[in-house]
Amino acid sequence: MDFDLIVRGGWVIDGSGGPAFRADVGVTDTMVSAVARLDGSNAAKVLDATGLYVVPGFIDAHVHGDTMILDDPVHLPALRQGVTTYIIGQDGCSFAPGSPATIDYMRRYTAGFNGNPDTIDYTWRNLDEYLARFDRRTAVNVAYLIPNGNVRIEVMGHDPRPATDDELKAMARMVREGMDTGAVGLSTGLDYIPSRYADAREIAALCEAIVPDDGVYVTHMRAYGPNAKVGMDEVFDIVERSGVAAHISHFNGPAKLLLPLLERGLKAGHDLTYDTYPYTAWSTILGMVTLPPWVQEGTTDATLARLADPAIRKRLADKELGHLSPFLLHETTLAMVAAPDWRWAEGMTIAKAADRAGLIVADFICDILLASDFAVGVVGRSGDRDENDVRAILRHPAHMAGSDGIFRGGAPHPRGWGSFARFLGHHTRELGDYTWPEAVTHLSSHAARRFRLADRGLIRPGFAADLALFDPKTVADRATYQDGRALAVGVHHVVVNGTIALENGEPTGKTPGRALRRG
């Protein structure tokens with residue numbers, strides 16, 4: 001046989017930005033070995049790509065698959081959209097490095113978005129062991145960002161104060177160890193505990209540790225929407241102090257505010273990129289958007305103890321939670337509730353669920369968080385952006401696709417199941433926001449370059465055989481806010497590291513994914 005696999009008869013969009021061209025793709029072992037007319041060649045397996053675009057597998061620049069793809073290794077939400085690689089370790093919160101106590105905290109605190117499945121054991125003790133869990137055990141690849149929150153807890157515990165010089169050195173050593181293990185950068189989640197306690201001095205010191213290896217600083221900024229200038233000014237400060245390349249997570253909001261801020265940084269010579277998902281609603285955990293920071297200080301047990309304290313509950317009812325915005329109460333739905341007895345609230349707004357429970361809003365929030373061990377996720381709208389903002393922001397050349405997918409709950413945000421298909425069907429075919437070659441660069445090659453995945457993002461001999469084959473006439477998202485788990489359509493075949501993971505729209509059950517370690 002000349003090849004292990006031939007993708008025959010399709011139109012190749014190779015990720016370089018050039019137009020589609022008629023070619024076959026020959027795969028040997030895990031690599032692309034030929035892109036040409038291969039009419040006289042043979043292979044052990046042939047995929048018919050007639051009428052399909054053949055593109056490099058898509059790369060999700062921001063997604064919460066840290067445990068969920070270990071729990072669901074085949075992971076159809078990704079495959080049915082042509083996604084072959086996840087960038088995980090987002091928002092400063094993940095599962096390595098860390099002692100058992102740190103991992104336990106992250107499991108509980110982030111269960112509403114990262115998941116906390118009991119189908120896997122959490123016995124890894126370092127980043128190397130954690131990444132090994134993905135090698136040939138999942139259908140998609142992963143690349144990893146070192147989470148600032150894990151590093152901070154390991155060195156400082158849950159102390160909400162600035163780091164000392166010695167603590168900075170200890171954290172920087174941990175970051176260096178993570179980069180040596182193969183991480184591609186550092187992440188922060190500056191609205192989450194404990195990253196919110198890190199100042200620009202601390203973050204810049206950690207960024208200095210990733211600069212020698214071209215690591216990327218990926219940040220959920222300290223402020224978004226109308227207050228995005230605050231967050232962007234801090235990003236610029238960190239970049240100027242450290243010289244790091246920076247990437248802004250889910251850069252959503254009013255385009256007339258955000259894009260000039262970005263251009264200001266680019267004109268100053270900063271290396272800046274960002275990701276977005278093509279929806280106007282957001283999703284996160286209930287505790288982050290409702291509880292004041294002082295309630296969340298310390299461990300999860302400490303937070304829950306405060307929520308059970310009658311005096312604190314009265315203070316919350318009279319002040320902080322008694323005056324939540326009407327927009328938050330009436331436009332934010334409960335996406336995931338861990339407590340079985342409270343799952344009836346999934347899909348309901350906070351206000352309606354509180355009313356059904358016969359509780360004032362403050363007591364409802366305290367009770368549902370207590371019952372769920374803090375694991376409650378929400379989907380909401382802030383009113384600061386519309387479809388025109390989404391369209392303007394996704395067209396910028398610094399943009400790449402990131403679903404921010406959360407694979408938890410009975411009423412999840414549709415972005416995990418639909419973002420990439422929506423970029424293709426809605427924004428490319430229907431609205432013309434991209435040409436097809438532009439769409440492929442935004443969904444694949446931009447992220448490959450940004451995260452230094454040197455053998456991904458292009459269809460060329462010598463590159464990894466991560467391929468997606470889709471019908472440009474039918475590719476579309478089907479997930480909605482009412483049915484967030486509906487799978488996308490129009491992606492026929494997906495190849496990961498030379499192995500077919502999706503064939504004729506159905507999973508093969510193969511798990512050829514790998515942890516893509518830097519270098």
Side-chain angles (χ1 to χ4, degrees), residues 61-62 87-94 96-98 127 143-156 161-224 228 230-251 261-262 264-266 268-275 398 400 402 447 449-453 517-519:
H62 185 107
I87 310 297
I88 61 172
Q90 302 285 350
D91 294 333
C93 302
S94 191
L127 180 54
Y144 193 70
L145 301 165
I146 304 160
N148 154 261
N150 291 54
V151 172
R152 197 174 214 274
I153 291 174
E154 285 293 283
V155 172
M156 299 178 59
R161 59 170 174 80
T164 66
D165 288 347
D166 286 343
E167 288 166 340
L168 287 181
K169 291 176 182 176
M171 285 191 279
R173 284 194 298 271
M174 289 188 67
V175 171
R176 276 301 325 152
E177 290 170 2
M179 293 300 290
D180 290 342
T181 300
V184 297
L186 172 79
S187 77
T188 56
L190 300 179
D191 280 324
Y192 295 104
I193 307 296
S195 284
R196 70 176 300 123
Y197 306 134
D199 56 17
R201 165 179 164 269
E202 175 180 328
I203 299 167
L206 302 190
C207 286
E208 287 177 1
I210 71 174
V211 167
D213 293 309
D214 288 329
V216 185
Y217 170 53
V218 179
T219 182
H220 170 128
M221 299 190 302
R222 206 174 296 274
Y224 281 89
V230 174
M232 291 293 282
D233 283 346
E234 185 176 44
V235 171
F236 298 157
D237 185 12
I238 291 164
V239 170
E240 288 164 1
R241 289 173 184 242
S242 66
V244 76
H247 177 87
I248 303 160
S249 298
H250 39 68
F251 193 51
L261 288 171
L262 179 81
R264 192 185 104 204
L266 293 171
H270 302 328
D271 186 353
L272 300 172
T273 56
Y274 63 89
D275 62 71
M400 62 195 67
R449 286 193 294 269
R450 171 83 294 182
F451 295 104
R452 322 305 195 215
L453 306 179
R517 301 173 188 246
R518 181 191 56 78

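In this text the structure is predicted, and so the values were computed from the model without any measurement. Numbers here simply count residues along the sequence, with the first being 1.
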Enquirer: Which value, rounded to the nearest 0.5 Å, describes the distance between R518 atom CZ and R452 atom CZ?
Expert: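 Rounded to the nearest 0.5 Å, the CZ-CZ separation comes to 11.0 Å.
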
Enquirer: Is the closest side-chain heavy-atom distance between R264 and F236 below 4.5 Å?
Expert: yes

Enquirer: Should T219 and N148 be marked as a side-chain contact (heavy atoms from CB on, under 4.5 Å) after you check the CA-CA gap, both sets of side-chain angles, and the distance that decides it?
Expert: CA-CA 10 Å; T219 182; N148 154 261; over 6 Å; no

Enquirer: Please examine the side chains of P147 and S187, heavy atoms only from C-beta on, and report whether any two atoms are closer than 4.5 Å.
Expert: yes

Enquirer: At their closest point, which heavy atom of C207 faces which heavy atom of I238, and how far apart are they?
Expert: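 For C207 and I238, the tightest heavy-atom pair comes out as SG-CG2, 3.9 Å.
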
Enquirer: What heavy-atom pair brings V244 and G215 nearest, and what distance separates the two atoms?
Expert: CG2-O, 3.9 Å

Enquirer: Could you check whether any side-chain heavy atom of L453 comes within less than 4.5 Å of a side-chain heavy atom of I87, counting everything from C-beta outward?
Expert: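 Answer yes - side chains close enough.
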
Enquirer: Take M221 and Y274 through the test side-chain contact (heavy atoms from CB on, under 4.5 Å) and record every step on the way to the result.
Expert: CA-CA 11 Å; M221 299 190 302; Y274 63 89; over 6 Å; no

Enquirer: So does P97 get a backbone contact from the side chain of N150, meaning a donor-acceptor N/O pair under 3.5 Å?
Expert: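 Between the backbone of P97 and the side chain of N150 there is a qualifying donor-acceptor contact (under 3.5 Å).
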
Enquirer: In Å and rounded to the nearest 0.5 Å, what is the OG1 to OH distance from T181 to Y144?
Expert: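 Output value for this atom pair is 11.0 Å.
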
Enquirer: At what distance, to the nearest 0.5 angstrom, does CD of E167 lie from CZ of R161?
Expert: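 Here the rounded value is 4.0 Å.
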
Enquirer: Do T273 and V216 pass the side-chain contact (heavy atoms from CB on, under 4.5 Å) test, and can you show the C-alpha distance, the side-chain angles, and the key distance before you say yes or no?
Expert: CA-CA 10 Å; T273 56; V216 185; 5.6 Å; no

Enquirer: Find out whether I203 and L190 are in side-chain contact, i.e. whether some heavy atom of one side chain is under 4.5 Å from a heavy atom of the other.
Expert: yes

Enquirer: Which atom names give the shortest non-hydrogen contact between I193 and C93, and what distance separates them?
Expert: O-SG, 4.2 Å

Enquirer: Can you tell me if Y217 and S242 form a side-chain donor-acceptor pair at under 3.5 Å?
Expert: no

Enquirer: If the threshold is 4.0 Å, N to carboxylate O, is there a salt bridge linking D165 and R201?
Expert: yes

Enquirer: Which pair of heavy atoms, one from G149 and one from P194, lies closest together, and at what distance?
Expert: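 Between these two residues, the closest heavy atoms are O-CG, 3.6 Å.
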
Enquirer: Between L145 and H62, does a side-chain contact (heavy atoms from CB on, under 4.5 Å) hold up when you go through it step by step?
Expert: CA-CA 10 Å; L145 301 165; H62 185 107; over 6 Å; no

Enquirer: What I'd like to find out is whether the side chain of M171 reaches to under 4.5 Å of the side chain of E202, using heavy atoms alone.
Expert: yes

Enquirer: Give, for atom CZ of R450 and atom CG of L272, the distance between the pair rounded to the nearest 0.5 Å.
Expert: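 Here the rounded value is 8.0 Å.
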
Enquirer: What distance separates I146 CD1 from S94 OG, expressed to the nearest 0.5 Å?
Expert: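 Separation between the atoms: 11.0 Å.
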
Enquirer: Rounded to the nearest 0.5 Å, what's the gap from OG on S249 to NE2 on H220? Could you check?
Expert: 8.0 Å

Enquirer: Is any side-chain N of the basic residue among D237 and R241 closer than 4.0 Å to the acidic one's carboxylate O?
Expert: yes

Enquirer: Please report the closest heavy-atom contact between G185 and I210, naming both atoms and the distance.
Expert: CA-CD1, 4.3 Å

Enquirer: Determine the minimum heavy-atom distance between L168 and A163, stating which atoms define it.
Expert: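 Heavy atoms of L168 and A163 come nearest at CD2-CB, 3.8 Å.
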
Enquirer: Given the rule in the salt bridge (charged side-chain N to carboxylate O under 4.0 Å, His left out) test, do R222 and D199 qualify, once you have shown the distances and angles that lead to the verdict?
Expert: CA-CA 10 Å; R222 206 174 296 274; D199 56 17; over 6 Å; no

Enquirer: Report the residue from Q90, H250, H247 that forms a side chain to side chain donor-acceptor pair (under 3.5 Å) with D275.
Expert: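 Among Q90, H250, H247, the one that satisfies the side chain to side chain donor-acceptor pair (under 3.5 Å) with D275 is H247.
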
